[in-house]
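This one's a predicted model, so the numbers in the text were calculated from it and none came from an experiment.
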Amino acid sequence: MNPKVRVFYIAMIPQFIPDEAAPLLMAIALAAVHNLLGLMWFTGIIFGTHVARKWLRTLKVAKTTDRITGTVIIGFGTALSMETR
């Protein structure tokens, strides 16, 4: 239902259809391949996030992230306080 997707298919798909192929069938096949690749990509991202979630929830990673974030915020605050107008 997204109009940008429609514009993408209208602009991109026709240039990959060979002259001897049935245009409608080839366009549907190319769109199906595009959807299958997207499905595979997002499946990989979902599985990767489950692995990352387990790792990010460990105490060591949480403490390290908190320390880095705190240091960055203190650095920004220091830089802001030293600014002259």
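Note that the OG1 atom of Thr49 and the NZ atom of Lys54 stand 11.5 Å from one another [nearest 0.5 Å]. Atom-to-atom distance recorded for Leu30:CG and Gln15:CD is 10.5 Å, nearest 0.5 angstrom. Here CD1 of Ile73 is found 13.0 Å from CG of Leu80. Values are rounded to the nearest 0.5 Å. Between the CZ atom in Arg67 and the NZ atom in Lys63 there is a gap of 6.0 Å [rounded to 0.5 Å]. Taking CE of Met40 as the reference point, atom CG of Asn35 lies at 12.5 Å (rounded to 0.5 Å). One distance of note links CG of Leu39 with OG1 of Thr43; it measures 4.5 Å at 0.5 Å rounding.
When the side chains of ILVMFWY residues are joined at heavy-atom separations under 4.5 Å, either directly or via intervening members, Val5 and Val33 end up in two distinct hydrophobic clusters. Under the 4.5 Å side-chain heavy-atom criterion for grouping Ile, Leu, Val, Met, Phe, Trp and Tyr, Met26 is connected to Met12 within one hydrophobic cluster.
The nearest pair of heavy atoms linking Pro14 to Tyr9 is CD-O, 3.5 Å. Taking every heavy atom of both residues into account, Ile17 and Pro23 meet most closely at CD1-O, 3.7 Å.
No donor-acceptor pair under 3.5 Å is formed between the side chain of Thr69 and the backbone N or O of Asp66.
Here the side chains of Ile45 and Trp41 are in contact, with some heavy-atom distance below 4.5 Å.
Checked against the 6.0 Å centroid threshold, Phe8 and His34 count as a close aromatic pair.
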